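Supplied in structure tokens, the structure appears directly below.
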Amino acid sequence: MSEGGHMTGAVAIEGARERRVRADGVELCVAELGDRAQPTVLLVHGYPDSKEVWSEVAVRLAERFHVVLYDVRGHGGSTAPKPLRGGFTLEKLTDDFLAVADAVSPDRPVHLVGHDWGSVQGWEFVTVERAEGRIASFTSMSGPSLDHMGHWIKRRMKRPTPRRVAQLLGQGAKSWYVYVLHTPLLPELAWRGPLGRRWPGMVRRAEKLPQGGYPTPSLPTDAAHGAWLYRDNMRARLAHPRDDAYAHAPVQLITPLEDPFLSEQLYDDLESWAPRLTRRTLSAKHWIPRTRPDQLASWITEFVMATEGGRPAPTATGKYTDRFGGQLVLVTGAAGGIGRATAFAFAEAGARVVAVDLDAEGAARTAELSRLIGAPESWAETVDVSDEQAMEKLAEKVAAEYGVVDVLVNNAGIGLSGSFLDTTTEDWRKVLDVNLWGVIHGCRLFGKQMAERGQGGHIVNTASAAAYLPSRSLPAYGTSKAAVLMLSECLRAELAGQGIGVSAICPGIVNTSITSTARFTGVDAEEEKRRQRKTARLYGLRNYPPEKVADAVLRAVVRNQAVVPVSPEAHGGRLLSRLAPRALRALARLEPPL
Ligand code: NAD
């Protein structure tokens, strides 16, 4: 083994120290970042890749950990075995891993992280006896254990049900490239020829990768050598999977839901192989180390810290914990009603919550309760969403202190009822300022941060069924909400290409205190009070809980839904607005029952 402080690889990772580690018949190119006294996180790349795929994740992790990456044999700056055939077996790859782990962290087990084939290898390391005690935790992304997969296929062949056959065919279709890689010579010729030249552009476009240093110039050689990863292992292991492939360390499984190569169902039975399992999902394609480095660094950090601290790793007990755990969620109008219920639902899913409201006390209470419910961190901010400067300050503060928001919920809103002719310009201004401008400010400021970060996100705007149900008594409120609906649709179209979803929620009649604060125009104060009381009674009788709206908000993000009517009357109204708009116009003329 030799050690040197210089960069020999094709592409430098900022701040990395490079060294070479000798293993069975090859010399591995190893890069190290961060403080060696800290726990070691060891990152293994996939196919066709080199260690640089991890560069963005590595620099983020290096703030807290000793981070180690190496080029798999035959890739990047590592030498290739001779001959190639038989040189890439999982046994040999395990030798390499152990040699690197012994070199960089001789006295402590490492926290292993693998992507794609790096994860396939990782499963081998974490399930074979000779690596027991050398792995403290394993984070797996987009690369199943070949043993588990072999059993998965066998089970489905033995007891085929229509669903199981569909799963087999589905995964079979996604694995088309595996068959191609098994053909002799063809992959090598393609990679060293046209495919090698075109691949960087193809993957950049398909995955919308940010620019910079990736893939590396060694790609054609990496890809040609790496074909042996498949040839040396796939057929043999899938046909004869090991029966004892149980994980000897806690495992965190990160599944990108839009991965074109792997179906989610592959992991259905994973708990039986890895009982200490934490599941995470995210809305992304295959190359998440490039497209979602912030999210990965945060999940890896949380998992490593939990394991190091002897705490049980966060487990997916809440409905959406796998999706929102550790994410930063900002909710406006969070002091009560739908906003508070939404903040709580995200807190239950393990998100970090910023509760924003005009009502400082209410927002503080929401933040406090969010922590008790499950948010690892939560904060309250007192801001008037209609105040542009205050919102700008909020956006700056949140970015500086808590990070870029993953999910923004523009929910703050006020009610206003009364005929158009009784509505003053001042009334109009107020309702548009909060209901529309508040949403515009939120989308503009936080949406810009999301877009600039380039790692996706989601914006939820609380519109209303009044956005598509005309009414003689809600001209200003309905107009503000129709504008929110259209703004959401336009923004959704604009941001779709950047992995940022936009949803408009249309709740219907929900039992919150909006009725006691809603204003009624054209009547004196006493009559206004009477109407508020009467509306509150009506809403109370309807008694549709804000928690159901909160549930719809989380579902809308998970499913990336565009327009989401919530209560039955909101659904019915939406249907009527499409099928029988004339009937709605007739209903709109009726005097409100107040
Ligand atoms: P709510 O009155 O219980 O909650 C609204 C919250 O927004 C309050 O905490 C209030 O302090 C806050 N807020 C008001 N103006 C603000 C401002 N300028 N800046 C910051 N915060 C402000 O009402 P809710 O029913 O929970 O309403 C939430 C959203 O849902 C609103 O946009 C509302 O229009 C919409 N909505 C409600 C219903 C319903 O039936 N309750 C139906 C459809 C849509």
Side-chain angles (χ1 to χ4, degrees), residues 56-57 60-61 63-64 254 280-284 288 291-303 305-306 314 318 320-334 339-340 342-357 363-364 366-371 373-383 385 391-412 441-461 495 498-503 550 553-554 556-558 560:
E56 293 296 323
V57 178
R60 285 164 174 78
L61 290 175
E63 287 167 19
R64 277 189 107 147
I254 300 179
R280 305 286 194 194
T281 58
L282 74 175
S283 159
I288 48 178
T291 57
R292 299 287 186 274
D294 281 344
Q295 183 64 77
L296 297 191
S298 123
W299 277 337
I300 295 166
T301 302
E302 197 187 341
F303 193 57
M305 298 302 274
Y320 296 113
T321 320
D322 61 339
R323 175 64 199 276
F324 296 116
Q327 292 214 329
L328 184 62
V329 177
L330 185 144
V331 183
T332 70
R340 175 174 275 179
T342 303
F344 288 171
F346 278 111
E348 265 175 16
R352 300 179 298 137
V353 175
V354 187
V356 177
D357 206 289
T366 300
E368 194 186 313
L369 290 169
S370 292
R371 268 193 300 277
I373 290 173
E377 294 174 295
S378 61
W379 307 271
E381 298 290 343
T382 315
V383 176
V385 294
M391 284 293 276
E392 273 171 10
K393 266 199 203 139
L394 173 72
E396 276 169 31
K397 181 177 178 193
V398 168
E401 294 184 15
Y402 320 135
V404 175
V405 168
D406 296 298
V407 180
L408 166 70
V409 186
N410 287 308
N411 164 79
H441 294 322
C443 290
R444 204 174 56 80
L445 295 160
F446 292 100
K448 189 160 177 248
Q449 291 179 3
M450 275 182 202
E452 278 173 1
R453 176 175 68 159
Q455 296 184 42
H458 204 102
I459 297 174
V460 178
N461 296 326
L495 297 179
Q498 297 172 65
I500 300 172
V502 182
S503 304
V553 170
L554 271 69
V557 180
V558 168
N560 191 15

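As the structure is a computational prediction, the values presented were derived from the model and not from experiment.
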Gln449 vs Val398, side-chain contact (heavy atoms from CB on, under 4.5 Å): CA-CA, chis, key distance, verdict
CA-CA 11 Å; Gln449 291 179 3; Val398 168; 5.5 Å; no

My understanding is that only residues two or more places apart in sequence, or in another chain, count here; which of them pass side-chain contact (heavy atoms from CB on, under 4.5 Å) with Glu56?
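Arg60, Arg290, Pro293.
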
Value for CG (Leu394) from CD (Glu396), rounded to nearest 0.5 Å, stands at 10.0 Å

Testing the 3.5 Å rule here: is there a donor-acceptor pair between the side chains of Tyr320 and Gln327?
no

With a 3.5 Å distance limit and no angle check, can you tell me whether Arg340 reaches the backbone of Ala355 through a side-chain donor-acceptor pair?
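Flag not set: sc Arg340 to bb Ala355 has no pair under 3.5 Å.
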
To the nearest 0.5 angstrom, please state how far the CG atom of Asp322 sits from the OG1 atom of Thr281.
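It is 3.5 Å, given to the nearest 0.5 Å.
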
Might you work through the side-chain contact (heavy atoms from CB on, under 4.5 Å) test for Arg444 and Lys448, ending with a clear yes or no?
CA-CA 6 Å; Arg444 204 174 56 80; Lys448 189 160 177 248; 5.9 Å; no

Do you know the tightest heavy-atom contact between Thr366 and Ala343?
CG2-CB, 3.7 Å

Does Ser378 use its side chain to pair, donor to acceptor, with the backbone of Val353 at less than 3.5 Å?
no

Heavy-atom pair of closest approach, residues Asn411 and Thr332:
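So the minimum-distance heavy-atom pair works out to N-OG1, 2.8 Å.
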
Counting only N and O atoms by type, is there a donor-acceptor contact under 3.5 Å from the side chain of Ser370 to the main-chain atoms of Phe344?
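Side chain of Ser370 to backbone of Phe344: no pair is present.
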
What pair of heavy atoms forms the shortest contact from Ala395 to Leu445, and how long is it?
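So the minimum-distance heavy-atom pair works out to CB-CB, 3.9 Å.
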
Donor-acceptor pair, distance only, cut-off 3.5 Å: does the side chain of Gln455 make one with the backbone of Asp294?
yes

Is Arg453 salt-bridged to Asp406, going by a charged N under 4.0 Å from an acidic O?
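So Arg453 pairs with Asp406 through a salt bridge.
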
Rounded distance [0.5 Å steps], CD in Gln295 versus CG in Leu328
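The CD atom of Gln295 sits 10.5 Å away from the CG atom of Leu328.
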
Under the side-chain contact (heavy atoms from CB on, under 4.5 Å) rule, what do Tyr402 and Lys397 come out as? Steps first, then yes or no, please.
CA-CA 8 Å; Tyr402 320 135; Lys397 181 177 178 193; 4.0 Å; yes

Which pair of heavy atoms, one from Ser503 and one from His458, lies closest together, and at what distance?
OG-NE2, 2.8 Å

Hey, could you give me the CE/CD distance between Met391 and Glu381, rounded to the nearest 0.5 Å?
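Met391 atom CE to Glu381 atom CD measures 11.5 Å (nearest 0.5 Å).
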
Point-to-point distance, once rounded to the nearest 0.5 Å, from CD1 of Ile254 to CH2 of Trp299
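CH2 of Trp299 is found 6.0 Å from CD1 of Ile254.
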
I need the minimum non-hydrogen distance between Asn410 and Cys443, along with the two atoms involved.
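For Asn410 versus Cys443, the nearest heavy atoms are ND2-SG, 3.6 Å.
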
Quick one: does Trp379's side chain have a donor or acceptor within less than 3.5 Å of a partner on Arg352's backbone?
no

Among residues at least two apart in sequence or on other chains, which ones pass side-chain contact (heavy atoms from CB on, under 4.5 Å) with Arg64?
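For Arg64 the side-chain contact (heavy atoms from CB on, under 4.5 Å) partners, ignoring immediate neighbours, are Thr301, Met305.
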
Which atoms form the tightest heavy-atom contact between Asp357 and Ala363, and what is the distance?
CB-CB, 4.0 Å

Test Val354 against Val405 for side-chain contact (heavy atoms from CB on, under 4.5 Å), laying out the working first.
CA-CA 9 Å; Val354 187; Val405 168; 5.8 Å; no

